[in-house]
Amino acid sequence: MENIVVSLSFRFQDISSSGSNSVHSMQVCTEPKVILSTDDIVSLIGNKCDGVIGQLTEDWGDTLFGALKKAGGHAYSNMAVGYNNVDVDAATRHGISVGNTPGVLTETTAELAAALTLAAARRVVEADDFMRAGKYEGWLPTLFVGNLLKGQTVGIIGAGRIGTAYARMMVEGFKMNVIYYDLYQATRLEKFVSAYGQFLESQGETPVHWRRASSPEDVLKEADVVSLHPVLDKTTYHLINKERLALMKKDAVLVNASRGPVVDETALVEHLKANPMFRVGLDVFEDEPYMKPGLGELSNAVVVPHIASASKWTREGMATLAAQNVAAKLKGWPVWSSPNVEPFLDEIKPAPKAAPSIINAKALCLSSMP
Ligand SMILES: NC(=O)C1=CN([C@@H]2O[C@H](COP(=O)(O)OP(=O)(O)OC[C@H]3O[C@@H](n4cnc5c(N)ncnc54)[C@H](O)[C@@H]3O)[C@@H](O)[C@H]2O)C=CC1
Ligand SMILES: O=C(O)C(=O)CO
């Protein structure tokens with residue numbers, strides 16, 4: 001009998017009908033309290049638990065991995081692609097695998113970043129408030145004038161899966177040029193923009209272009225819109241600070257759907273106050289669930305509560321991948337080595353007998369397939 005603790009209630013797909021004789025017992029936490037503390041999770045783990053699916057709001061460090069190991073556990077998965085809340089070295093020391101859920105969030109998160117870009121650039125939330133307050137007296141040439149995106153430059157910091165998907169949306173949708181900064185070359189993105197530029201030219205339209213920047217500063221100075229999509233680690237903590245904000249255009253749009261601490265939010269509040277034409281769209285906050293003082297009162301900030309991955313398809317996909325990460329480890333199955341996780345989402349064909357994404361697979365010497 002295997003016990004798995006799931007620290008949030010959601011529709012859970014059957015992971016136990018995969019041909020093995022072992023029986024899984026699954027406890028889905030349905031506490032009305034939605035954010036669990038470390039103590040809550042320790043008591044949910046109890047003294048017999050084989051694996052846990054946890055959330056990005058939880059602090060998965062030595063205490064929790066120690067408690068899981070003591071309860072006989074050896075598998076953990078974040079129900080998220082980002083895992084800055086997980087001390088992977090601590091998990092490895094305890095012999096526990098750490099899964100995450102890449103790929104199924106890419107387009108959903110990029111779409112919300114695009115929505116925040118438009119909302120901020122075209123002042124959608126301010127205008128909606130104005131309308132509901134009964135202040136609209138008739139069309140005016142000067143009412144809620146914002147920024148046109150077409151032909152401008154979008155800057156991407158962190159051009160991985162989500163950064164690339166967002167860039168493509170802005171290129172295809174608004175014919176924006178791209179400047180990006182990443183530690184690695186975004187070859188797929190470069191090829192796409194080049195090919196799309198050639199297509200536009202063949203239609204007699206102005207082509208789009210891309211440029212790989214040599215520093216974040218380069219992006220911030222040149223771009224009209226900057227969207228942040230890097231991982232959160234020591235290299236990206238407060239990547240956007242007072243000095244770098246000062247480099248941006250006075251009427252630029254900044255979007256953050258990565259992690260709150262990538263931006264020094266206190267510096268951002270001061271920048272927004274001093275530059276009323278500068279606008280931000282924020283899905284994530286430095287001290288979630290709180291905003292830094294003053295941010296909530298600023299009309300040049302659009303703020304939403306970390307909903308970038310909140311589409312039904314994505315949330316079901318995240319749950320499926322997280323469950324399969326844990327179940328596969330408990331069954332001793334190998335780790336999926338392809339970035340394509342679609343085979344795990346097929347509702348007709350059985351899922352591959354593999355763990356979709358294990359971060360410390362190498363450190364734990366887990367075998368891989370295909
Ligand atoms: N707001 C939300 O609901 C969501 C937020 N996220 C966040 O987005 C992040 C990115 O997700 P993916 O695109 O799937 O990951 P990814 O791993 O494909 O992309 C991250 C990119 O950041 C780059 N990077 C790392 N350090 C950097 C640095 N110092 N400067 C510039 N770039 C750097 C990497 O080279 C990589 O290309 C996640 O780690 C997570 O924190 C992800 C999904 C939903
Ligand atoms: O997957 C992630 O990293 C998230 O932030 C989920 O929304």
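In listed order, ligands and their atoms are each counted from 1.
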(message) Whether the Tyr180 and Thr164 side chains hold a donor-acceptor pair (N or O, under 3.5 Å, no angle test) is what I'd like checked.
(response) no

(message) I'd like to check which ligand 2 atoms, numbered from 1 as shown, lie under 4.0 Å from a non-hydrogen atom of Leu56.
(response) 4 (C), 5 (O), 6 (C)

(request) State the atoms of ligand 2, each with its element, that fall below the 4.0 Å cut-off from a heavy-atom position in Arg259. (result) 2 (C), 3 (O), 4 (C), 5 (O)

(request) Have a look at ligand 2 and work out which part of Thr101, if any, has a heavy atom under 4.0 Å from it: side chain, backbone, both or neither. (result) neither

(request) Scan side-chain atoms only and decide if Arg259 and Asn84 contain a donor-acceptor pair under the 3.5 Å cut-off. (result) yes

(message) Once you measure the plane-to-plane angle for Phe65 and Trp60, does it fall in the parallel (<30°), tilted (30-60°) or perpendicular (>60°) bin?
(response) tilted

(request) May I ask you to say whether Lys135 pairs ionically with Asp129, meaning some side-chain N is under 4.0 Å from a carboxylate O? (result) no

(message) Please check this pair: side chain of Thr108 against backbone of Leu105, looking for a donor-acceptor N/O pair closer than 3.5 Å.
(response) no

(request) Classify the side-chain pair Thr92/His94 by whether it contains a donor and acceptor separated by less than 3.5 Å. (result) no

Go ahead and list the nitrogen or oxygen contacts between ligand 1 and the protein that come in under 3.5 Å, distances to 0.1 Å, or just say none.
from	atom 1	to	atom 2	distance (Å)
ligand 1	1 (N)	Ala257	O	3.1
ligand 1	1 (N)	Asp283	OD2	2.7
ligand 1	3 (O)	His306	NE2	3.2
ligand 1	13 (O)	Arg161	N	3.4
ligand 1	13 (O)	Ile162	N	2.9
ligand 1	14 (O)	Arg161	NE	3.0
ligand 1	14 (O)	Arg161	NH2	3.3
ligand 1	15 (O)	Arg161	NH2	3.4
ligand 1	18 (O)	Arg161	N	2.9
ligand 1	18 (O)	Arg161	NE	3.4
ligand 1	29 (N)	Thr235	OG1	2.9
ligand 1	35 (O)	Asp182	OD1	2.6
ligand 1	37 (O)	Gly160	N	3.4
ligand 1	37 (O)	Asp182	OD1	3.4
ligand 1	37 (O)	Asp182	OD2	2.7
ligand 1	41 (O)	Arg259	NH1	3.4

(request) May I ask you to check if ligand 2 and Gly82 share an N or O to N or O distance below 3.5 Å? (result) yes

(request) Assess His306 for proximity to ligand 2: is some non-hydrogen atom of it under 4.0 Å away? (result) yes

(request) Determine the interplanar angle of the Phe344 and Trp336 rings, folded into 0 to 90°, and report it as parallel if under 30°, tilted if 30 to 60°, perpendicular if over 60°. (result) perpendicular

(message) Does Asp287, at its CG atom, have more than 12 non-hydrogen atoms belonging to other residues, nucleotides or ligands within less than 6.0 Å?
(response) yes

(request) Verify whether the ring centers belonging to Tyr290 and Phe285 lie closer than 6.0 Å. (result) no

(message) Could you identify the single nearest non-hydrogen protein atom to atom 7 (O) of ligand 2 and state the distance to 0.1 Å?
(response) Ser309 OG, 2.7 Å

(request) Indicate, as side chain, backbone, both or neither, the part of Val284 found under 4.0 angstrom from ligand 2 when only non-hydrogen atoms are considered. (result) neither

(message) Among all protein heavy atoms in this structure, tell me which lies nearest to atom 1 (O) of ligand 2, with the distance rounded to 0.1 Å.
(response) Val81 N, 2.7 Å

(request) Verify, without hydrogens or angle tests, whether Asp264 (side chain) and Thr266 (backbone) share a donor-acceptor contact under 3.5 angstrom. (result) yes

